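Before any comments, here is the structure.
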Protein chains: 2
Amino acid sequence: MQKTKAKPAAKTRIQSENQDLILKAALDVFSTYGFRGSTIDQIAIKCGLSKPNLLYYFRRKDDIYAAVLEHTLTQWLAPLRMLDVGNDPIAELTRYIEVKLDMSFANPAASKLFANEILHGASHIEKYLKGPLKELVEAKAAVIQQWIVDGKIRAVDPTHFIFAIWAVTQHYADFSVQVETLLKPSEKPATIKAAVVEILLRGLKVT
Amino acid sequence: MQKTKAKPAAKTRIQSENQDLILKAALDVFSTYGFRGSTIDQIAIKCGLSKPNLLYYFRRKDDIYAAVLEHTLTQWLAPLRMLDVGNDPIAELTRYIEVKLDMSFANPAASKLFANEILHGASHIEKYLKGPLKELVEAKAAVIQQWIVDGKIRAVDPTHFIFAIWAVTQHYADFSVQVETLLKPSEKPATIKAAVVEILLRGLKVT
DNA sequence: TTCATTCTTGATCAAATGGTCAAGACGCGT
DNA sequence: ACGCGTCTTGACCATTTGATCAAGAATGAA
């Protein structure tokens with residue numbers, strides 16, 4: 001026994017591969033059917049593993065869900081972290097909105113996963129909301145506030161403006177069924193991006 | 001047998017009362033836990049009836065859900081129907097946004113019910129989306145377009161603007177847990193309404 | 001090759017849950 | 001008070017589903 005007595009995180013090749021497979025499949029399934037609406041069997045079938053095998057890697061259904069949620073959280077909030085007070089406000093906010101929309105188009109599952117979680121009370125990410133997310137939002141609201149103080153954009157409630165950006169951009173992922181039904185099928189992402197940026201930012205531009 | 005051979009809809013007093021009880025309880029439960037996450041027992045307990053009794057009025061879980069959904073649909077879309085091309089655009093849109101926000105604050109369950117339904121594919125209201133809702137949205141988009149043509153508001157994509165109003169206003173119901181966590185608890189509905197109206201409408205005003 | 005460790009799964013269990021049914025309680029017009 | 005139709009429910013059933021386990025298969029370091 002050459003190794004140290006406790007081996008906390010020595011992951012096997014097979015472990016990485018299979019956990020990755022499971023998390024990918026679980027994101028699909030959970031985002032489509034919600035936590036209660038999803039079954040371990042669905043996830044197992046989707047990633048080609050047997051149900052007991054899946055429970056070998058994650059002992060409970062809840063553990064899979066928590067892992068997927070955590071795995072997606074960082075990625076989803078990343079673009080907001082990049083909001084930089086040093087750059088031009090309109091350019092910076094345009095970029096943020098466009099990146100969020102691109103994410104909604106490219107990975108609607110991630111958005112739907114969060115929508116489900118929040119809709120059902122956010123019990124799994126309560127700590128995260130009250131801690132890191134709250135801090136991040138306060139920091140970025142301060143950035144917007146600074147732009148206002150500097151006279152670079154017109155006055156607006158920074159926090160509610162962030163909410164508005166989230167609401168509108170994630171709407172195209174969470175409500176994609178409705179959007180696709182009500183929109184002409186010819187509508188291209190670029191058109192949508194232009195329309196959304198105009199709606200959200202035109203009111204901020206100084207004359 | 002004095003009555004006509006077939007009696008299609010002669011509702012008893014008890015029937016009306018209990019169906020009403022059930023629909024109220026079902027709205028609460030379904031909007032909180034989603035369709036799959038809700039059990040007939042939960043609804044039965046919440047309205048003080050036994051499970052078999054509940055299934056006497058609605059033979060299947062799906063029937064309860066469909067009834068609640070239909071019962072709420074009309075009410076939820078009503079304010080959009082009132083959008084009148086003859087009135088002042090900013091006043092009309094301000095009223096619409098404020099009514100939608102009031103509904104989100106007063107009856108978040110209705111909003112959450114729809115959010116859940118759309119999020120999970122909208123299979124129960126597919127017909128409604130493609131039919132009446134699509135017609136309504138097209139009609140009201142035309143109203144906004146007319147305002148633009150008349151030079152009363154600045155140019156904007158009408159359909160995406162309607163989406164933006166829906167997204168932002170319903171966000172305060174669907175994501176209420178998140179909103180309440182990130183907002184100062186002192187924030188009043190009137191403050192929120194003013195902020196949202198400003199964010200959505202300032203860009204439309206002609207200079 | 002050896003063999004301890006890791007990985008895989010068929011069989012199985014207990015609980016939850018949608019739904020049924022027959023028997024009885026109740027409401028209400030006469 | 002009577003009697004028919006409405007309403008109510010305890011007991012029960014079949015299926016789904018999260019989770020367990022023991023036994024066997026694959027892996028990989030020496």
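Convention: sequence-line order gives letters A, B, ...; per-chain numbering from 1. Bear in mind that the values here come from a model prediction, so they are computed numbers and not experimental data.
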So with a 6.0 Å cut-off around [atom1] of [X], is the heavy-atom count from everything else above 12?
X: B:Arg81; atom1: CZ; answer: yes
X: A:Tyr33; atom1: OH; answer: no
X: B:Glu70; atom1: CD; answer: no

From A:Ile40, A:Leu55, A:Leu54, residue fulfilling side-chain contact (heavy atoms from CB on, under 4.5 Å) relative to A:Lys61: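 Exactly one pass, corresponding to A:Ile40.
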Sidechain N-carboxylate O distance under 4.0 Å for B:Asp28, B:Lys24: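 Between B:Lys24 and B:Asp28 there is no salt bridge, as every charged N stays at least 4.0 Å from the carboxylate O atoms.
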Suppose we call two aromatic rings close when their centres sit under 6.0 Å apart. Are A:Tyr65 and A:His124 close by that rule?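 Between A:Tyr65 and A:His124, the centre distance is under 6.0 Å.
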Strand contacts (DNA chain C) in residues 50-62 of chain A, 4.0 angstrom heavy-atom criterion: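 Nucleic-acid contacts, sorted: A:Ser50, A:Pro52, A:Asn53, A:Tyr56, A:Tyr57.
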Residues from residues 18-49 of chain A lying under 4.0 Å of DNA chain C - heavy atoms: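 Contacting residues: A:Asn18, A:Arg36.
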How close or far is atom C1' of C:dC26 from atom CD of B:Gln15, stated in whole angstroms?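 About 15 Å, once rounded to whole Å.
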Is B:Thr181 close to A:Glu126 at the side-chain level, that is, under 4.5 Å between some pair of heavy atoms?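 Contact flag for A:Glu126/B:Thr181 side chains = no.
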In chain order, what residues pass the side chain to side chain contact (heavy atoms under 4.5 Å, CB included) check against A:Tyr56, with sequence neighbours excluded?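 So A:Tyr56 forms a side chain to side chain contact (heavy atoms under 4.5 Å, CB included) with A:Asn53.
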